[in-house]
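Just the heavy atoms: all of them, side chains too, but no hydrogens, waters or symmetry mates, feed the values below. Being a predicted model, the structure only gives us computed values, none of them experimental.
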Amino acid sequence: MPATWGECVVAKIRWGLTADDRELQALKVYAGPGVTEPPGMLDLYAFSPSRRAPNSTTSSDRRLTPVSRPTGGASRVLFRSIAYRATAELSASAFRQGENAVSSMPPPAVGLPDELRRRLGVPDAVMIGLGSMIGAGIFASLAPAARAAGSGLLLGLALAAVVAYCNATSSARLAALYPASGGTYVHGRERLGAFWGYLAGWAFVVGKTASCAAMALTVGTYVWPGQAHAVAVAAVVALTAVNYAGVQKSVLLTRVIVAVVLAVLAAVVVASLTSGGVDEARLEIGADATAGGVLQAAGLLFFAFAGYARIATLGEEVRDPARTIPRAIPVALGITLVVYALVAVSVLLVLGPGGLASAGAPLTDAARAADAGWLVPVVRVGAAVAALGSLLALILGVSRTTLAMARDHHLPHALAAVHPRFQVPHRAELLVGAVVAVAAATTDVRGAIGFSSFGVLAYYAIANASAWTLTPAEGRPARIIPITGLSGCLVLAFALPLPSVLTGAAVLLIGAAAYGIRRVGTRH
C-alpha cells in the first residue's frame, strides 16, 4: 500500500531530514485554533484519537498528543530540533486533510513565521566564534590580568581555559539538543525551569550589551583617541546595519576580520620571539603571584574566551545543529587558546610581568621592545579591526537571545519579529544597537568590562547546571565537566574586583525581582 502524505512527513522528520515548508505548515493547520504552541520552537504535532491536547477546540480527528523524548536511536535526532513529534497515529481523515491542504497551498516565499533561515555551516560558526573571542582577550584583558596575577599570568590563562572548555562542552551538548535561538536562556528554561532560563537570558543580554559597549570604545580608543565615544557610536551603527542586512553578510565580514587579526598577531609573535630582548627568566613564577590574583586574572581572561556563546545562540541559523554546534564550539575555543598562549608568552618574554601590567597597549609596547617600530601602526589597526570583529559577533548573539526572550514574553513580544526579506530579528537588532550606542557614548571601557564579566560567568554557571541534568541518551558529558564548569564559574565570578561583584549581583537581583513581579501580575 503506498505511503500517504502524513506517513512520508513523519518518516522524513523521524530520520532527521528536513520537511518541506508546506508540509510543516499543513501539519500546523490540522492542529486547529486554540492550541497553545511552545514559544520559540518548531512545533510539529502528534495526532491521536486517544488524547485531546490542552485547550484544543477541534474534532476527534484533530486531537494532539505530546510525546516524550526517545532514549536512543536515530529518532533522537528529531528531538534536537522540535518540541513535539508527528507520529504514525494520524487518523485516515487527518491524512486526507493534510494531502488536500498541501495540494491547495501555494509555495511560501519564506519559511515558517518567526523562524530563522538555516544557512551556516561549521566554518561559518567557527568564524563567528573566533571573531567574538580573538580581540577581546588579546587587546583588552592581558594587561588587567597581568596586574592581578603578576608572574602568575599564564596560570590564570590555563585556569580560564579549563573553565572555558567545560563551559564549551556543556553548551555544545545543550545546543545540539535544543537548537533554537537563545543559547542558555533556552537550555536553562527547558532543563531547570522558566526562572533559571530567564535569569540566564537576563545575565547574557545585560552583560553582553556592556561587552558591546567595551568593544566599541576599544575601536574608538585605537582609531581616534580624542573622539573615542563618537567613533564608538559610529561603529555600533555600521555593524548593526551589517547584521540587519543578513547573517551571511556578517559571516563574510567576520572571515575578513579574523584573517587580518591573526596576521597581525602572528607578526607580533614572530617579532617578539626573534628579537634580542627575549629573556626566558620572565616566564618564571615569582612571589608576586598569589592564589587570589591568579583567580582574578582567570576571571578577567575568561571574559575573552566567552565568544563561543555566540555559536550556541545561533542554533536556528546553522545547518544540522546536532552536528555543527558540537564541532564548531571546541574548534573555535581550541584555536583561540593556541593564539592566546602564543601571544601571552611572546609578550611576557619581551616585557616581563611588570612591563605588561603597566602597559596601556601591551602589543604595541611589545613591538617597540622588540625593535619593530614599523609594526606599531599595524598593531593599532589590527586592534581596531579585532574589536570590530568582537562587536559584530556580540551584537549578533545578544539580538538572538533578545529574540528568544521576546518569544516567551519576558521582553516585549514585538521584538520576536523576523524580517520577511532578510530573515533576521530586525527589531531586536535595532533595539540592541540603540542601547549599545547609548552605552558607548556614556561609559568607559574599564567599567563596561567589569560589569560584563560577572554576568558572563553567571550565564555559564546556569549552562553547566543545565548540562548536569542531561541523560546519557541526550548526550550528557562526563559528570566532572559540568561540576568543574559550575564551580569554576562561581569561584571566578566572586574573585573579580569587589565593585564588579556588587554591581553584577545587583543587576541580577533586579532582573529576578522583575521576573517575580511579572509572575505575580499574570496570576492576578
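For the pair Arg191 (side chain) and Ala467 (backbone), a donor-acceptor distance under 3.5 Å is absent. Not a single donor-acceptor pair under 3.5 Å links the side chain of Asn464 to the backbone N or O of Ala461. When atom types are taken as modelled, the side chain of Tyr459 and the backbone of Thr184 share a donor-acceptor pair closer than 3.5 angstrom. Using modelled atom types, one side-chain atom of Glu429 and one backbone atom of Tyr244 make a donor-acceptor pair closer than 3.5 Å. Between the side chain of Gln296 and the backbone N or O of Ala495 there is at least one donor-acceptor pair closer than 3.5 Å. Looking at Trp202, its side chain does come within 3.5 Å of a backbone N or O of Val507 through a donor-acceptor pair. At distances below 3.5 Å, not a single donor-acceptor pair connects side-chain atoms of Ser500 with backbone N or O atoms of Leu496.
The side-chain heavy atoms of Arg400 and Val424, taken from C-beta on, include a pair separated by under 4.5 Å. Using a 4.5 Å heavy-atom threshold, the side chains of Thr402 and Pro425 count as separate. The closest side-chain heavy-atom distance from Phe139 to Leu265 is below 4.5 Å. For the pair Pro412/Leu415, a side-chain contact is recorded, criterion being any heavy-atom separation below 4.5 Å from C-beta on. Arg173 places none of its side-chain heavy atoms less than 4.5 Å from the side chain of Leu177. The shortest side-chain heavy-atom distance between Val378 and Leu375 falls under the 4.5 Å cut-off. Taking 4.5 Å as the limit, some side-chain heavy atom of Pro482 sits within range of a side-chain heavy atom of Pro477. Between Phe302 and Asn167 there is a side-chain heavy-atom pair separated by less than 4.5 Å.
Of all heavy-atom pairs spanning Ala125 and Thr324, the tightest one is CB-CG2, 4.5 Å. Between Ala463 and Leu174 the shortest heavy-atom distance is O-CD1, 3.3 Å. Of all heavy-atom pairs between Leu153 and Ala149, the closest is N-CB, 3.8 Å. Considering every non-hydrogen atom in both Ala367 and Val376, the closest pair reads CB-CG2, 4.3 Å. Heavy-atom minimum distance, Gly485 versus Val163: O-CG1, 4.3 Å. Across every non-hydrogen atom of Gly455 and Ala203, the tightest pair is O-CB, 3.6 Å.
Listed by chain and residue number, Val122, Arg323 satisfy the side-chain contact (heavy atoms from CB on, under 4.5 Å) test with Arg327 (two or more places apart in sequence, or in another chain). Thr484 is linked by a side-chain hydrogen bond (donor to acceptor under 3.5 Å, both in side chains) to nothing, counting only residues two or more places apart in sequence or in another chain. Asp371 pairs by the side-chain hydrogen bond (donor to acceptor under 3.5 Å, both in side chains) definition with nothing, not counting sequence neighbours. Shown here are the side-chain contact (heavy atoms from CB on, under 4.5 Å) partners of Leu192, two or more places apart in sequence or in another chain: Trp196, Ile462, Ala465, Ser466, Thr469. Residues that satisfy the side-chain hydrogen bond (donor to acceptor under 3.5 Å, both in side chains) test with Arg518, not counting sequence neighbours, are absent from this structure. Scanning for side-chain hydrogen bond (donor to acceptor under 3.5 Å, both in side chains) contacts around Ser211 gives Ser452, with sequence neighbours left out. Phe451 pairs by the ring-ring contact (aromatic ring centres under 6.0 Å, His included) definition with nothing, not counting sequence neighbours. The ring-ring contact (aromatic ring centres under 6.0 Å, His included) search around Tyr515 returns Phe195, Tyr198, His410, not counting sequence neighbours. Residues satisfying the side-chain contact (heavy atoms from CB on, under 4.5 Å) test with Val381, not counting sequence neighbours, are Val385.
Interatomic distance, Leu486 CG to Leu457 CG, rounded to the nearest 0.5 Å: 11.5 Å. Note that CD of Glu190 is 9.5 Å distant from OH of Tyr185, once rounded to the nearest 0.5 Å. Separation of atoms CG (Leu430) and CG (Asn243) is listed at 10.5 Å; rounding is to 0.5 Å. Taking CG of Leu262 as the reference point, atom CG of Leu130 lies at 7.0 Å (rounded to 0.5 Å). Taken from CG in Asp288 to OG in Ser151, the straight-line distance is 3.5 Å, to the nearest 0.5 Å. Leu300 CG to Leu295 CG: the interatomic distance, rounded to the nearest 0.5 Å, is 11.0 Å.
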Verdict with reasoning, Val236 to Cys212, per side chain to side chain contact (heavy atoms under 4.5 Å, CB included): CA-CA 8 Å; Val236 172; Cys212 290; over 6 Å; no
Verdict with supporting geometry, Val418 and His426, side chain to side chain contact (heavy atoms under 4.5 Å, CB included): CA-CA 6 Å; Val418 174; His426 56 296; 5.6 Å; no
Side chain to side chain contact (heavy atoms under 4.5 Å, CB included) assessment of Val233 paired with Val438: CA-CA 8 Å; Val233 172; Val438 172; over 6 Å; no
Val331/Ile335 under side chain to side chain contact (heavy atoms under 4.5 Å, CB included): CA gap, chis, key distance, verdict: CA-CA 6 Å; Val331 169; Ile335 294 173; 3.9 Å; yes
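Under the 3.5 Å distance criterion, with hydrogens and angles disregarded, no donor-acceptor pair is assigned to the side chains of Tyr178 and Arg189.
Pairs engaging residues 484-507 under the ring-ring contact (aromatic ring centres under 6.0 Å, His included) rule: Phe454-Phe494 [sequence neighbours left out].
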For residues 223-231, which side-chain N or O atoms pair as donor and acceptor with protein atoms under 3.5 Å away, sequence neighbours left out?
unit_1, atom_1, unit_2, atom_2, d
His229, ND1, Ala440, O, 2.7

Exercise answer: donor-acceptor pairs, residues 341-362 side-chain atoms, under 3.5 Å, sequence neighbours excluded:
unit_1, atom_1, unit_2, atom_2, d
Ser346, OG, Leu342, O, 3.0
Ser346, OG, Val343, O, 2.9
Ser358, OG, Gly354, O, 3.2
Ser358, OG, Gly355, O, 3.2

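Note: His419 and Phe422 have tilted aromatic rings, judged against thresholds of 30 and 60 degrees for the angle between ring planes.
A side chain to side chain contact (heavy atoms under 4.5 Å, CB included) with Leu239 holds for exactly one of Leu388, Leu396, Val219; it is Leu388.
Phe305 has its ring centre less than 6.0 Å from the ring centre of Tyr340.
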